[in-house]
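Written below as structure tokens is the structure these notes are about.
Side chains included, hydrogens not; waters and symmetry mates left out as well; all remaining heavy atoms used. As the structure lists them, so they are numbered: ligands from 1, and atoms in each ligand from 1.
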Amino acid sequence: MSRRRIIAGNWKMNMRLDTATALAKGVAESVGENPEVDVVLCPPSIYLSAVGTAVEGTPVGLGAQNLYAAQDGAFTGEVNAAMLTDVGCGYVILGHSERRALLGETDQQISEKLHSALAGNLTPIVCVGETLEDRESGQTEQVVETQVRGSLAGLDAGQAASIVLASEPVWAIGTGNTATPEQAEEVHAFIRKLLGEIFSAEIAGQIRIQYGGSVKPNNATELLGQPNIDGALVGGASLKVEDFAGIIHAG
Ligand code: 13P
């Protein structure tokens, strides 16, 4: 079956309010009314409302970069799924490698967040990816498998079909060292096979797997042309309309 491509911009902790809304409007303009791919913007949470307003009435979706897996309560500084839905989010990035590495997020926490996102009707974009050390020591598949199994723990097949995975090699993020299409496809094919074992071949065939890590307009076409690469999670190149548009419109 064919999977609709999904291109998401992870703005990370960048932008100021005026540039954020201008960028969002620019992206919406470039996307037009009837894009062939799903397009999602993930600004810092403080700007979600403003960016949501900027893209209102357009096909551009809104996503958060994280959530806290609890109902309302005494969790200072945190934001939950219901709050994200309130401000117009349809998506949430979970388990980004920066959160895993800098904030010690574990697969178990990511799995709790995932269940919370699904209960709140958010489409989760679950990130996995090996470090350079993992790759050089031949551990890529083992590391990715542990992350996929741990992060998706307790998910039933029906829920699984609606999630998005993002395979982001840590060594490719923000470095300009994009994985070659062959390297990326190898990991994506492995993940899809694994999803087939965990759920079923049919469900695995429905789950979209994005590639992330130094995606640019000049390498997007080849990456997105791989059979198991269903979109991109874009950092740096999502901060400029021309660059992000170039990836969205990559043939
Ligand atoms: P870059 O595109 O800047 O490498 O970032 C990728 C990323 O981490 C997206 O989540």
Q) ligand 1 versus Asn10, non-hydrogen atoms closer than 4.0 Å: side chain, backbone, both, neither? A) side chain
Q. After noting the C-alpha distance and the side-chain angles of Glu130 and Gln139, does the key distance pass the side-chain contact (heavy atoms from CB on, under 4.5 Å) rule?
A. CA-CA 8 Å; Glu130 82 285 3; Gln139 304 289 302; over 6 Å; no
**Q.** Check ion pair Glu105-Arg100 (N to O, under 4.0 angstrom)
**A.** no
Q) Residues in salt bridge (Lys or Arg N to Asp or Glu O under 4.0 Å) with Arg149, at least two apart? A) Glu145, Glu197
Q: Looking only at distances, please establish whether an N/O atom of ligand 1 is found under 3.5 Å from an N/O atom of Ala237.
A: no
Q) Is Gly235 in polar range of ligand 1, meaning some N or O pair under 3.5 Å apart? A) yes
**Q.** Nearest neighbour in protein (non-hydrogen) for atom 3 (O) of ligand 1
**A.** Gly236 N, 2.8 Å
**Q.** Shortest protein contact, atom 7 (C) of ligand 1 (heavy atom only)
**A.** Glu168 OE2, 3.1 Å
(Q) Do Glu185 and Asn228 pair up side chain to side chain, a donor and an acceptor below 3.5 Å, judged on atom types alone? (A) yes
Q: Could you list the residues that satisfy salt bridge (Lys or Arg N to Asp or Glu O under 4.0 Å) with Glu112, not counting sequence neighbours?
A: none
(Q) Between the side chains of Asp230 and Arg5, is the shortest nitrogen-to-carboxylate-oxygen separation below 4.0 Å, so that they form an ion pair? (A) no
Q) Going by the atom numbers of ligand 1, which of them fall below 4.0 Å from some non-hydrogen atom of Ser214? A) 1 (P), 2 (O), 4 (O)
Q) Short N/O distance, under 3.5 Å, between His96 and ligand 1? A) yes
Q. At the 4.0 Å heavy-atom cut-off, does Gly213 count as touching ligand 1?
A. yes
Q. Are any of the heavy atoms in Lys216 under 4.0 Å away from ligand 1?
A. no
Q.
Please confirm whether Ala172 approaches ligand 1 to less than 4.0 Å, judged on its heavy atoms.
A. yes
Q: Check step by step if side-chain hydrogen bond (donor to acceptor under 3.5 Å, both in side chains) holds for Gln65 and Trp11.
A: CA-CA 9 Å; Gln65 298 175 15; Trp11 293 1; over 6 Å; no
**Q.** Element-labelled atoms of ligand 1 that are located less than 4.0 Å from some non-hydrogen atom of Gly174
**A.** 1 (P), 3 (O), 4 (O)
Q.
Would you say that Cys127 contacts Gln147 through its side chain, given a criterion of any heavy-atom pair below 4.5 Å between the two side chains?
A. no
